[in-house]
K.L.:
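Take this structure, written in structure tokens, and hold onto it; I'll ask about it next.
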Amino acid sequence: MTLDVLLFASYADALGARSVRVVVADDARVADVVRAVRALAPEAALPERPLVAVNHRYAKGDQLVQGTDEVALIPPVAGG
Amino acid sequence: MTLDVLLFASYADALGARSVRVVVADDARVADVVRAVRALAPEAALPERPLVAVNHRYAKGDQLVQGTDEVALIPPVAGG
Amino acid sequence: MRTAIVSAPIDVAALTAEVAAPANGAVSLFVGTVRDVNDGRAVTGIEYSAYSAMAERELDEIAREAGARYGTTHVVVEHRTGYVALGAASVAIAVAHAHRGPAMDATRWIIEQIKERVPIWKMEHYVDGAREWVGQQS
Amino acid sequence: MRTAIVSAPIDVAALTAEVAAPANGAVSLFVGTVRDVNDGRAVTGIEYSAYSAMAERELDEIAREAGARYGTTHVVVEHRTGYVALGAASVAIAVAHAHRGPAMDATRWIIEQIKERVPIWKMEHYVDGAREWVGQQS
């Protein structure tokens, strides 16, 4: 399936885009999506295990992803 | 010596006055002043050991009192 | 640093503005207000009275101690006297600090100290017309 | 209870008024502001960006959790996005409660949670013209 993964702050800068399109297996999990995004980024631009949100909630690496999900990579937060 | 002892809140109500005049020995201590004030009050209207301030500072029972001191009996405080 | 016993309404926004400074990343504010019910009795307002000269001295000392303890000079405290109606502020404490932790710690320390040692008393006015000193059952 | 990610200046006095209620004896407020120096570098302002939909959801969840945990529905939180100048508020939290302890506890819990989990990022602008993401050295 094809997914548009949202990027923010330093991650968006690293990839020069607010979102990137990746193709993953239909039974892909969060970790697979991360791997696919990292393959598009310069070496070491993204950490191995960035925080990921699926449909506006933090998700673990083994969570299954569906084609209709909104997936986002979340840089270390700095609100306040 | 003669002292005008200041009273507040429920203590002022108990004695029907904002201050009372007492006569104590020249070498009187805070506890002596308290005793003199209690002698003017209805039974149980003042506790045996009320808080006392001398010149705007809390004072212990054994502190010596001078005729020029401002002495006050302080009911349980309830600020805030 | 400023503390005062005041007889006019407290302007909370002004206090907050007063402590602000470019070196501070945090402002903590506490406002005590008159509640509609206390110990199950309906309250219409509270009459605050103070031993003013001593209360001013104690408030000032509390602010100074808080400043030394938590590392800031940006402390403002005002406490009301007179009749304070339902919902109105009886006390307001504003503390600004470079960091949030000490700003909030100082605010809490100040209100606890005020309750413990500032010579201020309150007489509650109840809906049924009764009036009573608070916390002075002898 | 109300939370919002906002792009206009935060009206701190309005927030304080918004949580007030006759049953409350305490209002606690925390305001985070932009400091003039961070890690030894002179700052002119901070550009806040957010994953807005998720940030709104997290803020709302934090306020609800705080309400349940500390026993109040009188919680208002606003967090800025966009450019926030030196001294201006980036976040404000107002909590009212019958009692002062839980009001202050809830305020502190909320700001800690915001810092931990709300997807908001800041880029500091320095006097020398440089700009840098904060806390994102990879």
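Convention: sequence-line order gives letters A, B, ...; per-chain numbering from 1.
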K.L.:
Using only non-hydrogen atoms and a strict under-4.5 angstrom cutoff, which residues of residues 34-64 of chain C touch chain D?
P.N.:
C/Val34, C/Arg35, C/Asp36
K.L.:
List the atom of D/Thr16, the atom of C/Val12, and the distance in Å for their closest heavy-atom pair.
P.N.:
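Shortest heavy-atom separation between D/Thr16 and C/Val12 comes out as CG2-CG1, 4.4 Å.
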K.L.:
Are any of the side-chain heavy atoms of C/Arg108 and D/Arg100 separated by less than 4.5 Å?
P.N.:
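Contact flag for C/Arg108/D/Arg100 side chains = no.
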K.L.:
Would you mind reporting whether C/Met104 and D/Asp105 have side-chain heavy atoms less than 4.5 Å apart?
P.N.:
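No; the side chains remain at least 4.5 Å from each other.
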K.L.:
Which region of D/Ala21, side chain (C-beta onward) or backbone (N, CA, C, O), has a non-hydrogen atom less than 4.5 Å from a non-hydrogen atom of chain C, or is it both or neither?
P.N.:
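No part of D/Ala21 comes within 4.5 Å of chain C.
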K.L.:
For each of C/Ala96, C/Ala98, C/Ala103, C/Ser28, tally heavy-atom pairs with chain D at distances under 4.5 Å, and name the one with the top tally.
P.N.:
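Option with the top pair count is C/Ala98.
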K.L.:
Under 4.5 Å heavy-atom distance to chain D, tell me which part of C/Ala89 shows up: side chain, backbone, both or neither.
P.N.:
neither
K.L.:
Looking at chain C, which one of D/Ile111, D/Asn24, D/Thr107 has the largest number of heavy-atom pairs inside 4.5 Å, strictly under?
P.N.:
D/Asn24
K.L.:
Please classify the contact between D/His99 and chain C as side chain, backbone, both or neither, with a heavy-atom cut-off of under 4.5 Å.
P.N.:
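Side chain only.
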K.L.:
Quick one: which of C/Gly32, C/Gly87, C/Ala23, C/Ala13 has the most heavy-atom pairs under 4.5 Å with chain D, could you say?
P.N.:
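Heavy-atom pairs under 4.5 Å are most numerous for C/Ala23.
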K.L.:
Pick one of side chain, backbone, both or neither for D/Ala26, based on which atoms fall under 4.5 Å of a heavy atom in chain C.
P.N.:
both
K.L.:
Which residue, C/Leu29, C/Val27, C/Val19, forms the side-chain contact (heavy atoms from CB on, under 4.5 Å) with D/Val31?
P.N.:
C/Val27
